[in-house]
Every structure is written in C-alpha cells, then in structure tokens.
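Read through the structure below, which is laid out as structure tokens, and then see the notes.
All values below come from the heavy atoms of this structure, side chains included, with hydrogens, waters and symmetry mates left out. In the text below, chain A, chain B and the rest are named by the order of the sequence lines, each starting its count at 1.
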Number of protein chains: 2
Amino acid sequence: MRARSDALMEIGRLLKTTRKGLSLTQEQVADMAGITRPRYRDIEAGSSAARTTTLINIARALRLELMLIPQAMVPAVDALLQPHDGDDDLPAFVASPDGGANA
Amino acid sequence: MRARSDALMEIGRLLKTTRKGLSLTQEQVADMAGITRPRYRDIEAGSSAARTTTLINIARALRLELMLIPQAMVPAVDALLQPHDGDDDLPAFVASPDGGANA
DNA sequence: ACAAAATGATGCATTAACGTATCTTTTCTT
DNA sequence: AAGAAAAGATACGTTAATGCATCATTTTGT
C-alpha cells in the first residue's frame, strides 16, 4: 500500500509495457496470477511490494521469468536482450539501483 | 510462514549457495538486506515468500540482481551464465516451474 | 575435547500484502 | 456523441511477512 521504491516502479513499468504488448487487461493478468485487480493495479503502479510468489505468478502470466543474475553478468544479459529479433512478445528486463534496506 | 513453493525453495538454494560462496553468515546477509536473521533464515529455507523489495535487497547483498526475462530468452541467458570463465563469485540463476496461483 | 560461532527453530506483536466491494475517471468502440 | 470497457482509486477485514526475543542443535576453530 505504501511501498514506492525505485525498483518497484521500474518493475511496474515493465509489467505494464509487457501486458500491453500482449494486449491483456489488468483483470486478465490478475486472474492468471491468482490475485485481484486492485492488487495487481497497485503492483503495476509500484505502490505495493508483491510477495515473491505473487511476482513469479504475474511474471509467468506475462511470459516472463524471474531470475537472479550475478551483477557481473548483468551487462552481458542486457546486451543479449537488447536486439530482440522477435519471437512473440515484447522485450524485458529489470532491476538496477535502489538503496533503502526494507520496505 | 507456510509458503513452501517449488520456486521459493529453488531461490532459497541459490541464496544459500551464493552466500556460502561469498563466505557470509546469515546474519551478515540479513543485516545488509535490512531484515532479521530468523526472517532471512525462513527465506533461505524457502518457507517464506519475501516481499519483492526484500528479495531485491537480499539479492544485492549477495551481488545478484533480480531480473524479469522473457521466457523465450531464458535458454540463451542460461547458456550465458553456465560457462562463467571467472569473474568474481559463484554462478546463479533461478526460476522454473510452479503453478498454484498465490501463496 | 572444548568453546564459540553459526544455524535451526518457535512464540508473540506489528505491519503490509491481499481479498472484497464500490466508486470515479479514462480510454476504447460504435 | 453515447455507451461500454478498462483503469484509477479508496475503505475495511483477513492473512502472512517481518521484528524481537529466546531457545536448542550443529558447525567451526583452537
């Protein structure tokens, strides 16, 4: 409800972009992820820090996978994702800077 | 408290492996991530679904980054992470199958 | 073998994610 | 322009993540 971290907003933007790329409504994604629309809305808006399981379910509804990448490999992974020749959906990747411990 | 999904246990295993590779104690990682040791312990054991912000903080304490990768790109990213010639720490990557909507 | 550190584990209080309901505002479609 | 659908937003109750304290067990180091 009162999350609002940089990372959350970045994730939210990615979710929204990906969802629109798939022409899905918030309700459809929420259903697929097993949560309600108001909750999905908060997550997409970056105003709620979803549980790990919830984020994974949302990601999969959008054909994304949550991964933990060694920081040293992030540039390489980014480069790999940049020239998305085109399979079906839109590109994606997340995370970067932040700071404040919790919340 | 009673999470226990496949994905959570997989993440937990990765966190533990990475932490040991960095020779850090649970307490050190918990401190860096801004949570308590009992909580970090639960997360590492896969018995608790951390909030997104918490997972990000833990990941960064372990020099990892949370990323959402298009499923179509996962094999390529995996391949990129496999032959880690030697940068600094241990390997890493996560996620796979699961199912049950929430929790 | 011993001590110390690290990890496993539990109980209780607090906080925020999540569900349900309802409303308004914006964006599509015709 | 009118109507419908989607998205934005808020309130309140429930549930689980988190903090704090404290135990037992395992591992590490000397």
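Residue B:Gln28 holds its CD atom at 12.5 Å from CZ of B:Arg37, rounded to the nearest 0.5 Å.
Between A:Gln26 and D:dG8, a side-chain N or O to OP1/OP2 separation shorter than 4.0 Å is present. At least one side-chain nitrogen or oxygen of A:Thr54 sits closer than 4.0 Å to the OP1 or OP2 atom of C:dC18. Here A:Arg19 reaches the OP1 or OP2 of D:dA7: one of its side-chain N or O atoms lies under 4.0 Å away. Taking side-chain N and O atoms only, B:Gln28 has no distance below 4.0 Å to OP1 or OP2 of C:dA6.
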Produce the list of close N/O pairs, under 3.5 Å, pairing protein atoms with atoms of nucleotides 24-27 of chain C; give distances to one decimal.
none

Quick test: give all pairs of protein nitrogen or oxygen and nucleotides 20-22 of chain C nitrogen or oxygen below 3.5 Å, distance rounded to 0.1 Å.
| unit_1 | atom_1 | unit_2 | atom_2 | d |
| --- | --- | --- | --- | --- |
| C:dT20 | O4 | A:Arg39 | NH2 | 3.0 |

Extract from the structure each pairing of a protein N or O with an N or O of nucleotides 28-30 of chain C at less than 3.5 Å, listing the distance.
none

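Across B:Leu55 and B:Ala50, no two heavy atoms sit closer than the pair N-CB, 4.3 Å. In plain terms, the two heavy atoms of A:Arg19 and A:Leu24 that are nearest each other are NH1-O, 2.9 Å.
Distance CD1 (A:Ile11) to P (C:dA17): 13 Å, rounded to an integer number of Å. Nucleotide C:dA16 holds its P atom 16 Å from the CD1 atom of B:Ile35, rounded to whole Å. Remark: P of C:dC18 and CZ of A:Arg41 are 14 Å apart, rounded to the nearest angstrom. In this structure, B:Ile43 atom CD1 and C:dG8 atom P are separated by 13 Å, rounded to whole Å. The CD-P distance, from B:Glu44 to C:dA9, rounds to 12 Å in whole Å. Distance, B:Asp42 CG to D:dC20 C1': 14 Å, rounded to whole Å. Between the C1' atom of C:dA17 and the CG atom of B:Leu55 lies a distance of 16 Å, rounded to the nearest Å. The separation between B:Leu8 atom CG and D:dA16 atom C1' is 13 Å, rounded to whole Å.
Helix-axis bend for the helix from C:dA1-D:dT30 to C:dT30-D:dA1: the local axis fitted to the five terminal pairs at one end deviates from that at the other end by 70°, rounded to 10°.
Using a 4.0 Å heavy-atom criterion, one finds that B:Ala50 contacts the sugar-phosphate atoms exclusively.
Remark: B:Arg41 pairs with no residue by the salt bridge (Lys or Arg N to Asp or Glu O under 4.0 Å) rule, at least two apart or across chains. With sequence neighbours excluded, the residues forming a side-chain contact (heavy atoms from CB on, under 4.5 Å) with B:Ala30 are B:Ile35, B:Tyr40, listed by chain and number.
Under a 3.5 Å cut-off, the side chain of A:Thr18 and the backbone N or O of A:Leu62 do not form any donor-acceptor pair.
Contact check on A:Arg13 versus A:Glu44 returns no salt bridge, with no Lys/Arg side-chain nitrogen under 4.0 Å from an Asp/Glu carboxylate oxygen.
Considering only the side chain of B:Lys16, C:dG8 comes nearest among C:dG8, D:dA9, D:dA7.
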